[in-house]
Amino acid sequence: MGTTTYPAKVVTNLSDLMRFEYMVQAGNILPKRNIYSILAGQHAAKMRGRGLDFEEDRLYVPGDDIRNIDWKVTARTNETYSKVFNEEKERPTFTLLDQSTMMFFGSQLYVKSVTAAHVAALTAFYTIKRGDRFGGLIFNEDGYDYVEPKRNKALVEHFLQLVVERNKVLPLRKKIALNSALLEDMLNRTRSLITHDYVITVITNLLILDEDCKHYLKSMANNNDIILVHVEDPMDRQLPPGKLILTDGKKQIFWKNSNNNWGEKYSSFYESRLDALIEEFRHYRIPVSIMSTAIPVEKQIKSGIGRRVKKDSN
């Protein structure tokens with residue numbers, strides 16, 4: 001028997017992912033307005049110190065460099081204030097990419113696993129273009145591939161080939177299940193692999209995050225920038241009209257949106273869960289970016305549509 005060939009929107013391939021290099025090099029994919037992007041590169045460092053750009057004044061804390069005291073503000077307020085500077089430094093990007101069976105679903109244009117792969121490819125090429133190191137973990141139920149962050153195109157191509165290998169086995173899966181324990185293990189491994197001052201991009205279905213997953217993310221956010229990318233399908237938000245049979249693999253129910261406002265309640269429940277998650281991470285300065293399978297990733301990035309990013313501005 002020959003090997004089944006699937007469309008690139010169902011199962012990605014290397015040429016499909018490598019095309020993002022040309023998009024990034026062309027320079028016309030990024031939005032002109034300044035938004036917090038999933039395209040990780042050089043970010044304003046969280047490390048406080050003497051730098052080129054003044055950021056703010058804040059009350060003096062014991063241990064602050066006395067050379068940073070703002071004497072004019074101190075004299076005016078009768079309280080000691082220190083100047084805080086933003087320091088630009090190289091920020092390696094570490095991408096955690098979910099290619100588990102849970103991601104093999106799509107109702108319109110792409111399946112989630114392919115959209116997630118596109119986000120990772122775009123992130124990788126943008127990072128290299130900015131002159132930073134790129135690496136990460138690609139995982140599924142069978143295991144994971146680790147690519148140490150480096151600053152070269154050959155490594156990016158290697159990373160993307162590993163993505164292809166994990167992606168192409170998905171049509172062969174017989175069972176699809178949410179697996180927060182798998183993601184938890186990958187986050188724990190990420191925490192052991194990175195040090196500090198990384199941009200960590202997590203691309204998955206964020207609604208499977210349990211409390212342990214959240215703990216790892218919040219812990220890493222103390223010394224790194226975390227960007228969460230939630231990959232969703234239109235059917236996650238709203239089930240189609242008509243009679244449906246829904247199953248979890250063990251039990252099944254007959255579903256109709258019009259019965260007792262089930263459809264409206266389903267959509268409301270999804271929205272409330274996502275809103276609560278975004279709000280929870282906002283307090284830890286962890287932005288959540290939403291990418292849809294119904295629109296090409298490059299169009300979503302360029303226009304900013306389909307994205308609901310909340311980041312505490314304080």
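Just the heavy atoms: all of them, side chains too, but no hydrogens, waters or symmetry mates, feed the values below.
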ask   = Judged by atom type as modelled, is there a donor-acceptor pair below 3.5 Å linking the side chain of Lys129 to the main-chain atoms of Val24?
value = yes
message = Evaluate Asn152 against Val156 for side-chain contact (heavy atoms from CB on, under 4.5 Å), listing each step before the verdict.
response = CA-CA 7 Å; Asn152 62 66; Val156 170; over 6 Å; no
message = Could you tell me if the side chain of Leu206 sits less than 4.5 Å from the side chain of Val288, heavy atoms only?
response = yes
task = Would you give the length of the straight line joining atom CG of Leu217 to atom CG of Leu209, rounded to the nearest 0.5 angstrom?
result = 6.0 Å
key: Salt bridge flag under 4.0 Å for residues Arg189 and Asp185   = yes
ask   = In Å and rounded to the nearest 0.5 Å, what is the NZ to NZ distance from Lys243 to Lys256?
value = 5.5 Å
key: Non-hydrogen side-chain atoms of Thr127 and Arg133 separated by less than 4.5 Å   = no
request  = Please work out whether the ring planes of His118 and Phe20 are parallel, tilted or perpendicular, with thresholds of 30° and 60°.
outcome  = tilted
Value rounded to 0.5 Å, distance of NE2 in His215 from CD in Glu184 = 10.0 Å
request  = Start with the C-alpha distance between Met220 and Ile200, add both sets of side-chain angles, then the distance that settles side-chain contact (heavy atoms from CB on, under 4.5 Å), and finish with yes or no.
outcome  = CA-CA 9 Å; Met220 290 188 288; Ile200 303 171; 3.9 Å; yes
task = Could you tell me whether a side-chain N or O of Asp233 sits under 3.5 Å from a main-chain N or O of Asp236, the two making a donor and an acceptor?
result = no
query = Which heavy atom of Leu228 sits nearest a heavy atom of Ile226, and at what distance?
reply = CD2-CG2, 3.8 Å
ask   = In Å and rounded to the nearest 0.5 Å, what is the CD to CG distance from Gln161 to Asp145?
value = 10.5 Å
message = Tell me whether Ser180 contacts the main-chain N or O of Asp210 through its side chain, where contact means a donor paired with an acceptor under 3.5 Å.
response = no
key: Electrostatic pair Lys218:Glu211 at N-O distance under 4.0 angstrom   = no
remark   = Shortest non-hydrogen pair, Leu97 vs Ala117, comes out as CD1-N, 4.2 Å
message = Ring-plane angle category for Trp255 and Tyr266, please: parallel below 30°, perpendicular beyond 60°, tilted otherwise.
response = perpendicular
ask   = Could Arg76 and Asp70 be called an ion pair, given the rule that one side-chain N must be under 4.0 Å from one carboxylate O?
value = no
Side chains of Met186 and Tyr144 in contact at under 4.5 Å (non-hydrogen atoms) = yes
Closest contact, heavy atoms only, Val297 versus Leu122 = CG1-CD2, 3.9 Å
request  = Check the side chains of His196 and Asn222 for a donor-acceptor pair under 3.5 angstrom, ignoring hydrogens and angles.
outcome  = no
request  = Check the side chains of Gln99 and Asn167 for a donor-acceptor pair under 3.5 angstrom, ignoring hydrogens and angles.
outcome  = yes
ask   = Considering all heavy atoms of both residues, which atom of Pro296 and which atom of Tyr110 are nearest to each other, and what is their separation?
value = CA-CE1, 3.8 Å
ask   = Side chains of Thr95 and Ile203: closer than 4.5 Å at any heavy-atom pair?
value = yes
task = Heavy atoms only: give me the nearest Arg173-Glu141 pair and the separation to one decimal.
result = NH2-OE1, 4.4 Å
note = When every non-hydrogen atom of Tyr270 is compared with those of Glu232, the smallest separation belongs to OH-OE1, 2.5 Å
request  = Check whether the side chains of Glu21 and Gln25 place a donor and an acceptor atom closer than 3.5 Å, and report yes or no.
outcome  = no
ask   = In the single-linkage hydrophobic clustering (I, L, V, M, F, W, Y; side-chain heavy atoms under 4.5 Å), do Leu162 and Leu170 co-cluster?
value = no
inquiry  = Rounded to the nearest 0.5 Å, what separates atom CE in Met103 from atom OG1 in Thr115?
reply    = 8.0 Å
Backbone of Leu207 reached by a side-chain donor or acceptor of Arg273 within 3.5 Å = yes
ask   = Does the ring-ring contact (aromatic ring centres under 6.0 Å, His included) test come out yes or no for Tyr60 and Tyr81, once each step is laid out?
value = CA-CA 5 Å; Tyr60 176 84; Tyr81 275 81; over 10 Å; no
inquiry  = Please report the interatomic distance OH(Tyr146) to CZ(Phe94), rounded to the nearest 0.5 Å.
reply    = 6.0 Å
query = Does atom CD of Glu280 have more than 12 heavy-atom neighbours, drawn from other residues, nucleotides or ligands, at distances under 6.0 Å?
reply = yes
